Amino acid sequence: MAELAKTYDPLPVEARWYAAWEEAGCFRSVPDDRPAYAIVIPPPNVTGVLHMGHMLNNTIQDVLVRRKRLEGFNAVWVPGTDHASIATEAKVVQKLRGEGITKQTLIDQHGYEGGRDKFLEQARAWKDQYGGIILQQLRKLGASCDWARTAYTMDGQDPQNAHHTGYYKDVVDTFVKLYNEGYIYRAERMVNWDPVAKTTLSDEEVIYKEVQGTLYYVRYQFVDPDLRLAVRDPEGNLLEERTYLTVATTRPETILGDTAIAVHPDDARYQALLGQRVRVPFLAREIPVVADSAIDPEFGTGCLKVTPAHAKADYEIYERLKAAGTHIEVVNTIAEDGTLQHVPEPWLGLDRFAMRKQFAQWLADNNCLEKAEAYTHNVGHSERTDAVVEERPSLQWWVRMKELCQPALEAVESGAVQLFPDRFLGTYRHWMTNVKDWCISRQLWWGHRIPAWYDTSGGLVQVSVTGGEGLAQDPDVLDTWFSSWLWPLSVFNGLQAPDGPDIRYYYPTATLVTGPDILFFWVARMIVAGYYHRGEKPFDRVYLTGLVRDKQGRKMSKSLGNSPDPDALIERYSADGVRMGLLLSSAAGNDLLFDEALCEQGRNFANKLWNAFRLIHTLGESATPGPATPQQALATDWMAARTHEAAHEVARQFDDFRLSEALGTLYKLIWDDFCSWYLELIKPQGGSGFTEGAHALVVGRFEELLQLLSPFMPFITEEIWQLLAPRAKGEFLVQTRLPSTPAPDAATLAGMGTVREAVTALRALRTERNIPLKEALDVYLVTDQPARWQRFFPLVERFVGLGTLHLGVAGKPEQTVLVQVGTDELHVPVAVDVAAERTRLEAEIAYQEGFLKSVQAKLTNEKFVAGAKPEVVARERQKEADAEAKLSALRASLAALG
RNA sequence: GGGAGCUUAGCUCAGCCGGUUCAGAGCGGUUGCCUUACAAGCAAUAGGUCGGGGGUUCGAAUCCCUCAGCUCCCACCA
């Protein structure tokens, strides 16, 4: 073998092993008689690139899946992508715009269906060009997906004929089924409208942001010339009589759509106006003053202008009035593209924001504006385009959610589906009990086209996968989530073959790993779909990761430019290093403050491992035949016990999803126990030889550690494992099984515990007094467990350069320093600064006395002795005895100083 | 407005049903060390009245109340 580099060079290693694993089919899974463990990836946007959130998310999934493989499960991780209707379409539209092409020009050239086909061709080309980048990035990260199962939420859509298959068929079949069972209906309702994408949005796709706006106080003149509104001060004195009322609004651009003014029915100020009429500024339109109890008398003037076509709240007032027999008009003045419609010149065709400015100016110029004040409020924005969302009535397709959600709510309440951390249960319950009907139609082209068919006059004729002669298909596509909610079912072909081998074997899947931001968008709906289609949950547990934030706690985002480029990160720190950096501080559900220093720690750890390997490897090359020394055997026994102890701990931590802690456990096991203690004990000293027996022991220990660590750092562990001993071709660490872990040997652990305590104390003594290592220290030992010391003393000796071990203090020189290890006493002959030593002993005595006093205070407290658990009392008694023993030794030493 | 969470060492955090190991870990700091695997390292070491106040208890970082600060989610009063 070539000379091993002093510093680990990860990049070629990572590329090489990933290719080897993939080629050997290490991640391939097909049903067999082992227990299944399935994870489906939250499908990223097909044309997206990896960001920090993905990195965290997918690292967690990979760690879980790799661990289960080691445990002997038949683990599958299903990868795939989402067609991301609105996001992808927006990119294609943008690209075409760069070429001077719009959807309309395509329609003009090719007719509606032809133009649409042209557009979809472009979209498919876009998808082919950029699709799959993210899957390559996942490979770089080490994601052990079963790539043969790669799924896509628009698989099986065949533009040439209507015989759809795969995912596409699942989606339209689901639509038809829900429609036939009455869960899907078409109705005109208020929707969230994105005027940029020109489509509806679900409530979840609307992001409210605080915006600095203006609150305009606008005058509406009474129609009745004799009508007066009395304005009084708080004492009730008449201040003024007006011929108008004033309405506060942030949206003067909608005034031309006003069809009523509403006040609270109990508002004393406006009682006389109820039933009267006012005139809309600029227009001749007369509108009534009506009462509605949703009005807040405290806000503004207590009068609300009712624009049913432009606000949900207003539309609800309209509906309540209608139910009560009062009809007001619905005038929709804002068109789909956000410009003014159904209004007179000069306003017609103005953009809504220009309209706001210009109409406010007109109001001011015409004595209709009382005042305008700065006002901060929340305004809905489109999640995808960031456009200010318009609320408008629109004819759309809806899913009746209430009943469908019931089993999904119960599943989580009962713990059939567990959320980690469980504090999200409250939010989940709140959403599921207040769920509204889901608007699923989108005025887009890229996506699953709605399987509804109309006659030439636009009447709905049928809902079915294929249409009849002369019928036109609904132009809209389905909300992306209407396909992704089928993900865990569809990737195992569970809808078209409900009794197929895959769905029966892998479903319900084991764990879903995703961010809490899509708990409702996606997680809840998958549970709904799972129960609807199969009467069965889609997964047992949901691991909710935190958001990745930067060091200052800001969310990572493109616009802030604070999100590191994953490829660059991996190049700098290696995939293993980045994975470790991400996992080091990511408790479930807690946000992760990402700091590159953590990746550096990961890289350093990889290097540490590499150098441990270098040592072992070099020792092996020069090893001579023969058995290990008794000390090496003892150290190995201890390392084995320590590994078993840690392995049990790691298993528990995995069960609780405490991945961060599991990694921490292994980090310490390897860095401290293995490198700092075990390897130091094993390696030959002062030119003495190293045997093949010893080498075999170390290799055995190291292999077990590599295996335990491999889910976290798959690449370097594989590399070292392969180099550590001869392996057959096609043999991989990935494919090994964890051995069953015996209970750790307590006596060995305790013995080594004493060794470490003694070594640390003696090292401190050396450092304090500047005693060079070459100067051997004799030790006079007072102990009640001489056998343990006899056995382990050589190990202590190995670290701190000891001379002779004398049992007891017979023949001890005048001047010694007392080192306490538990209740054992080590008297070490060194030159003593009497004054300093006295001070040290007195301080130690004072501390022990204080400690003893507090213990005795408890023990003489009858309520404690009576009330505390017996083992607690026993512990306190032990503490008392130990402290007394220590004190007497300390006092004796003090006395000996003279 | 409704709900959830957080506040422990300079930084990031762990401390589950109150009681050995309860005041911890990693990073960072300081001080020695190029000690034959590793300076991306080794050894030693300093740092906190567990956000403030009150209560329950023999005993509170841990349970309860309260105040303060921060974060997130939901609702969206024009």
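In what follows, chains carry the letters A, B, and so on, assigned in the order in which the sequence lines appear, proteins first and then strands, with residues in each chain numbered from 1. Quick note: numbers below take in every heavy atom, side chains included, and nothing from hydrogens, waters or symmetry partners. Small disclaimer: the values here were computed from a predicted structure and weren't measured.
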Q: Side-chain N or O of S676(A) less than 4.0 angstrom from OP1 or OP2 on rA43(B)?
A: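 Checking rA43(B) against S676(A), a side-chain N or O does come within under 4.0 Å of OP1 or OP2.
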
Q: Just how far is it from atom CG of L582(A) to atom CG of L569(A), taken to the nearest 0.5 Å?
A: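 Here the interatomic distance stands at 8.0 Å.
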
Q: If you look at every strand shown and take non-hydrogen atoms under 4.0 Å, does K683(A) touch a base, only sugar-phosphate, or nothing?
A: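 Base, at least one base atom sits under 4.0 Å.
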
Q: So does E680(A) reach the base of rA43(B) with its side chain, donor to acceptor, closer than 3.5 Å?
A: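 Flag unset: no donor-acceptor pair detected.
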
Q: Cut-off 3.5 Å, side chains only: do T307(A) and D258(A) have a donor facing an acceptor?
A: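 D258(A) and T307(A) do have a side-chain donor-acceptor pair below 3.5 Å.
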
Q: Heavy atoms under 4.0 Å, any strand shown: does I616(A) hit a base, just sugar-phosphate, or nothing?
A: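 Result for I616(A) = nothing.
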
Q: What does rA37(B) pair with, Watson-Crick or G-U, if both distances are under 3.5 Å?
A: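 Pairing partner, where one exists within any strand: none, as none qualifies.
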
Q: Please confirm whether the shortest side-chain N or O distance from Y667(A) to OP1 or OP2 of rC27(B) is below 4.0 Å.
A: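 Yes, Y667(A) has a side-chain N/O under 4.0 Å of OP1/OP2 on rC27(B).
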
Q: Whole-Å distance between rA4(B) C1' and D517(A) CG?
A: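 To the nearest whole Å, that distance equals 16 Å.
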
Q: Between K305(A) and T254(A), do the side chains contain an N or O donor and an N or O acceptor separated by less than 3.5 Å?
A: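 Distance-only check passes for K305(A) and T254(A).
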
Q: Distance check needed: rC76(B) P versus N434(A) CG, whole Å only.
A: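 In whole Å, rC76(B) P lies 11 Å from N434(A) CG.
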
Q: In whole Å, what is the span from the CG atom of L4(A) to the P atom of rU36(B)?
A: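 It works out to 19 Å between those atoms.
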
Q: Rounding to the closest angstrom, what is the interatomic distance between rG24(B) and rG15(B) at atom C1'?
A: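 One C1' to the other, the span is 7 Å.
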
Q: What's the CZ-C1' distance between R756(A) and rA44(B), to the nearest Å?
A: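 That distance rounds to 15 Å.
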
Q: On a whole-Å scale, what distance lies between the P atoms belonging to rU62(B) and rC77(B)?
A: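 Those two atoms are separated by 42 Å.
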
Q: Between rG10(B) and rG19(B), how far apart are the P atoms? Round to whole Å, please.
A: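 Those two atoms are separated by 25 Å.
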
Q: Give me the distance, rounded to whole Å, that separates rA14(B) from rU8(B) when you measure between the C1' atoms they each carry.
A: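 It works out to 10 Å between them.
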
Q: Rounded off to whole Å, could you give me the CG-to-C1' distance for the D882(A) and rU20(B) pair?
A: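 For the pair D882(A) CG and rU20(B) C1', the rounded distance is 10 Å.
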
Q: Do E596(A) and Y573(A) pair up side chain to side chain, a donor and an acceptor below 3.5 Å, judged on atom types alone?
A: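 A pair is found: one side chain offers a donor N or O, the other an acceptor, under 3.5 Å apart.
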
Q: Students often get this wrong, so: under 4.0 angstrom with heavy atoms, is K305(A) touching a base, only sugar-phosphate, or nothing?
A: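 No contact.
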
Q: If you only use heavy atoms from C-beta on, which nucleotide in rA78(B), rG5(B), rC42(B) is closest to the side chain of R423(A)?
A: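 Nearest to the side-chain atoms of R423(A), counting from C-beta on, is rG5(B).
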
Q: Looking across every strand, which nucleic acid part, if any, lies under 4.0 Å from A597(A) by heavy atom: base, sugar-phosphate, or nothing?
A: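 Nothing: the residue A597(A), judged by heavy atoms under 4.0 Å, touches no strand.
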
Q: Would you measure the distance from the P atom in rU71(B) across to the matching atom in rU56(B) and give it in whole Å?
A: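 Taking atom P in both rU71(B) and rU56(B), they lie 35 Å apart.
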
Q: Where the side chain of K668(A) is defined as all heavy atoms beyond and including C-beta, which of rA78(B), rC58(B), rA25(B) is the nearest nucleotide?
A: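 Given the options rA78(B), rC58(B), rA25(B), the side chain of K668(A) is closest to rA25(B).
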
Q: Looking only at side-chain atoms of K608(A), point me to the closest of rC38(B), rA44(B), rC77(B).
A: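 Looking only at side-chain atoms, K608(A) lies closest to rC38(B).
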
Q: Both distances under 3.5 Å, Watson-Crick or G-U wobble: report the partner of rG48(B), or none.
A: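 The base-pairing partner of rG48(B), which may sit in any strand shown, does not exist here.
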
Q: Give E661(A) one of three labels, base, sugar-phosphate or nothing, depending on what nucleic acid heavy atoms sit under 4.0 Å from its own.
A: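 Touches sugar-phosphate only.
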
Q: Distance between the C1' atoms of rU66(B) and rU7(B), in whole angstroms?
A: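 Those two atoms are separated by 16 Å.
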
Q: In whole Å, measure the gap between the P atoms of rC16(B) and rU21(B) for me.
A: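 Straight-line distance between the two P atoms is 16 Å.
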
Q: Taking only the side-chain heavy atoms of N611(A) (C-beta and beyond), determine which of rA37(B), rC77(B), rA44(B) contains the nearest atom.
A: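 For the N611(A) side chain, the nearest candidate turns out to be rA37(B).
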
Q: Rounded to the nearest Å, what distance is computed from the CZ atom of residue R614(A) to the C1' atom of nucleotide rA40(B)?
A: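 Taking CZ of R614(A) and C1' of rA40(B), I get 13 Å after rounding.
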
Q: Between the side chains of E600(A) and N604(A), does any donor sit under 3.5 Å from an acceptor?
A: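 No pair is found: no donor N or O on one side chain lies under 3.5 Å from an acceptor on the other.
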
Q: Carefully, step by step, assess F605(A) and Y667(A) under the rule ring pair (Phe, Tyr, Trp, His ring centres under 6.0 Å).
A: CA-CA 8 Å; F605(A) 183 50; Y667(A) 180 85; 4.8 Å; yes

Q: Verify the distance criterion only: is there a donor paired with an acceptor across the side chains of E205(A) and S202(A) at less than 3.5 Å?
A: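 E205(A) vs S202(A): donor-acceptor pair found between side chains.
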
Q: Please classify the nucleic acid contact of N861(A) as base, sugar-phosphate, or nothing, using heavy-atom distances under 4.0 Å.
A: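 Sugar-phosphate, backbone atoms only, no base.
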
Q: Distance check needed: rA4(B) C1' versus H430(A) NE2, whole Å only.
A: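 Those two atoms, NE2 and C1', are 12 Å apart.
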
Q: By the 4.0 Å heavy-atom rule, please label R603(A) as base, sugar-phosphate, or nothing.
A: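 Base, at least one base atom sits under 4.0 Å.
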
Q: Can you check rG10(B) for me, syn or anti if syn means within 90° of 0?
A: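 In terms of base orientation relative to the sugar, rG10(B) is anti.
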
Q: When you measure from the side chain of N378(A), which nucleotide among rC38(B), rC77(B), rA75(B) comes out closest?
A: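 That would be rA75(B).
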
Q: Does the side chain of K209(A) get closer than 4.0 angstrom to OP1 or OP2 of rC76(B) through an N or O atom?
A: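 The answer is no; no side-chain N or O of K209(A) sits under 4.0 Å from OP1 or OP2.
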
Q: Could you tell me if K312(A) and N192(A) have a donor-acceptor pair between their side chains, going purely by distance under 3.5 Å?
A: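 On atom types as modelled, these side chains qualify, holding a pair under 3.5 Å.
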
Q: What distance, rounded to whole Å, do you find between the two C1' atoms, one in rC50(B) and one in rA61(B)?
A: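 To the nearest whole Å, 5 Å.
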
Q: Does rA40(B) have OP1 or OP2 sitting under 4.0 Å from an N or O in the side chain of K6(A)?
A: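 For rA40(B), OP1/OP2 do not have a side-chain N/O of K6(A) under 4.0 Å.
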
Q: Who does rC27(B) pair with, Watson-Crick or G-U, both distances under 3.5 Å?
A: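 Its partner is rG10(B) (Watson-Crick or G-U wobble, both distances under 3.5 Å).
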
Q: For residues Y375(A) and Q212(A), is any side-chain donor paired with an opposing acceptor at under 3.5 Å?
A: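 No pair is found: no donor N or O on one side chain lies under 3.5 Å from an acceptor on the other.
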
Q: Which listed nucleotide (rG15(B), rG19(B), rA39(B)) is nearest to the side chain of F864(A)?
A: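 The closest nucleotide is rG19(B).
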
Q: Using a heavy-atom cut-off of 4.0 Å across all strands, would you classify Q653(A) as base, sugar-phosphate, or nothing?
A: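 Result for Q653(A) = nothing.
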
Q: Quick check on rA40(B): is either OP1 or OP2 less than 4.0 Å from any side-chain nitrogen or oxygen of W610(A)?
A: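 So the side chain of W610(A) is outside the cut-off, no N or O lying under 4.0 Å from OP1 or OP2 of rA40(B).
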
Q: In whole angstroms, how far is the C1' atom of rG26(B) from the CH2 atom of W671(A)?
A: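 Nearest whole value for this atom pair: 11 Å.
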
Q: So, is R766(A) near the phosphate of rU45(B), with a side-chain N or O under 4.0 Å from OP1 or OP2?
A: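 For rU45(B), OP1/OP2 do not have a side-chain N/O of R766(A) under 4.0 Å.
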
Q: Once you apply a heavy-atom cut-off of 4.0 Å, does T760(A) come out as touching a base, just sugar-phosphate, or nothing?
A: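 Touches sugar-phosphate only.
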
Q: Paired with rC16(B): which nucleotide, if any, by Watson-Crick or G-U wobble criteria at under 3.5 Å for both distances?
A: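 Base partner found: none.
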
Q: NA contact type, Y375(A), heavy-atom cut-off 4.0 Å: base, sugar-phosphate, or nothing?
A: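 The answer is sugar-phosphate, as Y375(A) gets under 4.0 Å only of primed atoms, P, OP1 or OP2.
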
Q: Is the glycosidic torsion of rC70(B) within 90° of 0, making it syn, or is it anti?
A: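 Because its glycosidic torsion lies more than 90° from 0, rC70(B) adopts the anti conformation.
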
Q: If pairing requires Watson-Crick or G-U wobble contacts with both distances under 3.5 Å, which nucleotide is the partner of rG5(B)?
A: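 rG5(B) is paired, partner rC70(B).
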
